[in-house]
Amino acid sequence: MLRYVWNRILMIFVTLFLILTINFLLLYLMPGSPFQNPRLTPSQRERIEDKYGLNDPVLVQYGRYMYKVSKLDFGGTIATNTYDDIFEEYIIDRLPLTAKIGGIALIIGTVIGITFGALAAIRRNSWLDNSVTVLGVIGVSIPSFVFAAILQEVFAINLDWLPLFYREANPDIGHSLKDQNLGMIMPIIALSVLPIASIMRYMRTELVEVFSSDYILLAQAKGLSKPAVIFKHAIRNALIPVITIIGPMAINLIAGSLVIERFFNIPGLSNSLVTFTLAKETYATLAINFFYSFMYVTVILIVDILYGVIDPRIRLASNSKLGLIGKLIKSIKRKFQSDNAGGEVNE
Amino acid sequence: MNNMKNDFSKIKIDKSKLKLVSNRIEESEEISGVSLGYWKDSFRRLLHNKIATISLILIGFIFIFSIFITSTTPHSTVIEPQIKDPDTGQMISKKSLTSVPPRIKGLEWLGWFDGRVDKLLPKIALENEVKYPKDTYEIVECEEGNTGKEMCTIDLDVYKQNGIEQLYFTFGTDQLARDNWTRVWAGVRNSLAIGLLAAVFDIVMGVIYGSICGFYGGTKVDNIMMRFIEIYGSIPSIVLLILLLSFMDRGFGALIIALGLTGWIGVARMVRAQYLRYREHDFVLASRTIGASTKRLIFKHIFPNIIGQIVILATFSIPAAIFYEASLSFIGLGLPTDQASLGTLINNGITQRSVSAYLLWIPTIVLSIVMLAINLLANGLRDALDPRLRGR
Amino acid sequence: MEKLLEVKNLNVTFETHGGTVQAIRDVSFDLHRGETLAVVGESGSGKSVMTKSVMRLLADNGNIKHGEILYHYEDGTIVDIAKLRDGEMHKIRGAEIAMVFQDPMTSLNPTMTIGKQIMEPIMKHQNLSKKDARQKAIELISMVKIDRPTKRMKQYPHEFSGGMRQRIVIAVALACNPNILICDEPTTALDVTIQAQIIDLIKELQQQTKAAVIFITHDLGVVANIADRVAVMYAGKICEIGTSSDVFYTPAHPYTWGLLASKPNTDNLGEKLYSIPGTPPNLLDPPKGDAFALRSNYALELDFEEQPPMFKISDTHYAATWLLHPDAPKVEPPKVVQRRGAKKGVTNNG
């Protein structure tokens, strides 16, 4: 198991490295990068070119970029005269907020989705099952900002239970930590609708399929009670494919957070990404892109580890006596193979 | 069982019928039904699915409507300083046409499309009888507000107040006096167009890439191409979208290119997986042994088998593209605000929420209906084309 | 012989979108201690449904319409499985009646160790401590002839071959010394060489445990090898039942004739193999008379109108065909079947 985890972590470093390289290439090759920004005065441009060594050979620039990034130096904002350090000024305290809201939404989505999906499969064709089916379709079809608007209308405007917008805790203007937490409730609910709906639908289908499998029949033939069959045999097996969609869910949450943070005025990473993109702040955009990918691969790591815990076939397959590199290649290969298999169940 | 006795006296039968008859096997052969082609059968299954059929009709209706409605409405989408009164020929100033709530002839009794709004304002303001003529509103209630001023909620007939009682704006107008009805349908048209074009882009790109991978499955070419997909796919597509849009000028074309560049991975993976799967199937091996050419193999044997899957994925990628478009337009990275799309309309609606709630809710409801209908149709299609996945 | 199971007038239906499928129609048979009853028939004849009814493992849309499934406990008490509450049924499954399924590749839980899967019924039914259950499980693994049982306990199904998995499934089934072992086509999914091993194992273990075996198969060769008695099923009914030699050497039902004639063996060497024309009837709307009449070359006019009752041929041999009525015309069975009858007593089986 330890080897398996180590393997996955190594894969993540490779992925992040490649993302950084793509970042660099975008910076270097793309037209409209900050150095062609017409708003820059010649002196500003000179200062930037000096600062980033734009006249050096590509590889030197690449090396320097990687070195700086390894020290968490992603450069500064260009348009402002202050040259704010992007990491210090924008990322270090915005990343946790976005990760917190997204993470809670993902966890809520997974827990509720799995629970109700399982209940629907167990009580098939009941009113619960039918409502899960209907709510599932609505949940995956309607964008999260529609739910956000409805939530605001009901809970903030009509009932006045929750604040319309997110407010950072700030004792000076009378905003307590409680206000801050209350302000997070609606964004989290709005974001979690999609994961709840998707995971619910997926869990239901998978569990129904597991219920019709031979090993469930065998478990019943052993004389196990219905709860024992469900909890000891069915759930675990149904969870294996369900876990695979948590990764895509994480991507959807990132997309959702872009809108939701705007909607609720949350000073998170997504909000700044939009601001920076509109202002053509390429360094900042790329830095945030990197941290998005970082959050995403973290989710993937957790998912992969969960996968290994639940499915002995994957855990045991990585326990062979290969060298590190050999195993890396093998795990990449396996990932491709699982892609092939995954192609059949496109959700 | 052993206590069973053959008591023939108890069995009452027509003994004359105990005679051999000729084999009637033909009758049993007749029972087996007529065999249908794959597409015909799939279509029949789709029409059996009531929800999918309703969705299909609804989408068709919306699609046709969105194309024709923009050219038939009297009030254009462009900002005009003033419009002509259809009856008197007098010019009506733009000012009296801004933020007019929805009103539909004959549906006023519903309470939604009656051209009236609830408005909260200080009681003193009502004394201004030029702005608020006495016969244009009814006072709902008055109470003392936070600041000590008396605040009143009035039920205001905006059409009467603005002196445009002869006009009817089905979905109202926005803060720039643009007709919301026209803009909503133009928005639906743009959103659908983006969805369809992005889906076409996805399919073309995905099928080409996936076919190359699948055809060379297992070789170096396939490996490298799949590794590229792997890395490419590990960047969240919305981030990639934003990156691309940040380098391009905002607009219709940029949006479609950006959506197309991120959506094809799923199609490519599926096509490759299907290729690899069907390559090993007996019927493909069989046709290979009798000397079928590669081209024939791909187009006659493999392709027909994966076309169903492609249709399903394409149908699902339309709402995905519409969703991305709406999200991006909503945050200001999609279409420019003067071009209507459901996303820009909702974005505008949010800013006008407190004054004209209908500007938020009408496009929101329309977007929800469109998304729901396409998703339900896609579900129905999947069930019809691939019965194994029913209910997924 | 001591009766273990009595099935009386069992009717099982399935509710489907197309209507009600009458999967089992008025089936009756007995099972005695220590004997092996083979149930043969083509796919869809209802043999699997019948055994699943005995285990009460029918799918949600299937239900036992009427009839009795009487199980005789060792102490003499008799219960009707068809009407048992779920809680009591759990005490019978695995402990009194156990089952082996068709496909060993899918009948073990992929995420649970082999050991745990064998220990489960032991701990459920025998009140043993975990340690004792473990010991018993290890014994069971070596009983089904798998080496290094202690190591195997910790392994997962994907580390086993198909034949080994089926041995494990058999070990699971025999864990609580059941009185009845139902084998639902246990060798169909296996290689021919493995098939023989598994059948030998079942025979051997049956002799050790004195369990009665219901063996479902469509392979007549297997039947001849293992069965004491044979029941032939067609379209949800038993059309002929008797001892192995009754059914193999003096079959009475035209369907049994067809089955035997369509099987290659030393008797029809060099001849064109017989194949039964047509397809089985649709059980959504079963035919009025004898379900096989349409496909039969020996159909009587009455067959199309009246359901034939079970005619007694001997104390052990029954068949449902009007041909056995004393007033029915005498017909000659196919030559292959006649030749088999002539060989009766010369060799033990075909």
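Heavy-atom basis, side chains included; hydrogens, waters and symmetry copies ignored.
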(request) Could you have a look at A/Lys232, A/Lys226, A/Arg124 and say which one has the most heavy-atom pairs with chain C under 4.5 angstrom? (result) A/Lys232

(request) Name the option with the most non-hydrogen atom pairs under 4.5 Å to chain C; the candidates are A/Ala228, A/Ala219, A/Ala221. (result)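 Ranked by heavy-atom pairs under 4.5 Å with chain C, first place is A/Ala221.
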
Just wondering, more than 12 heavy atoms not from [X] lying within 6.0 Å of its [atom1]?
X	atom1	answer
C/Asn61	CG	yes
C/Lys116	NZ	no
C/Arg152	CZ	yes

(request) Calculate, to the nearest 0.5 Å, the distance between atoms CG and CG belonging to C/Asp184 and A/Leu217 respectively. (result) 9.0 Å

(message) Testing the basics here: between A/Pro312 and C/Pro110, what is the closest heavy-atom pair and its distance to 0.1 Å?
(response) CG-O, 3.4 Å

(message) On a heavy-atom basis, which atom in C/Glu120 and which in A/Lys222 lie closest, and how many Å separate them?
(response) OE1-NZ, 2.9 Å

(request) With a 4.5 Å heavy-atom cut-off (strictly below), which parts of residues 80-105 of chain C touch chain A? List them by number. (result)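 At a heavy-atom separation under 4.5 Å, chain A is reached by C/His90, C/Arg93, C/Gly94, C/Ile97, C/Met99, C/Phe101, C/Asp103.
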
(request) For chain A, find its close neighbours in residues 167-175 of chain C: heavy-atom separation under 4.5 Å, sorted by number, or none. (result) C/Val169, C/Val172

(message) Quick check on A/Ser213 against chain C: is it the side chain, the backbone, both or neither that has a heavy atom closer than 4.5 Å?
(response) neither

(request) Counting only heavy atoms closer than 4.5 Å, note whether A/Ile216 contacts chain C via side chain, backbone, both or neither. (result) neither

(request) Report yes if the side chains of A/Gln220 and C/Met55 come closer than 4.5 Å at any heavy-atom pair, otherwise no. (result) no

(request) Against chain A, label C/Lys52 side chain, backbone, both or neither, depending on which of its atoms sit under 4.5 Å from a heavy atom there. (result) side chain

(message) Only pairs of heavy atoms separated by less than 4.5 Å count here; which of C/Ile182, C/Thr106, C/Asn109 has the most with chain A?
(response)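 Of the options given, most contacts go to C/Asn109.
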
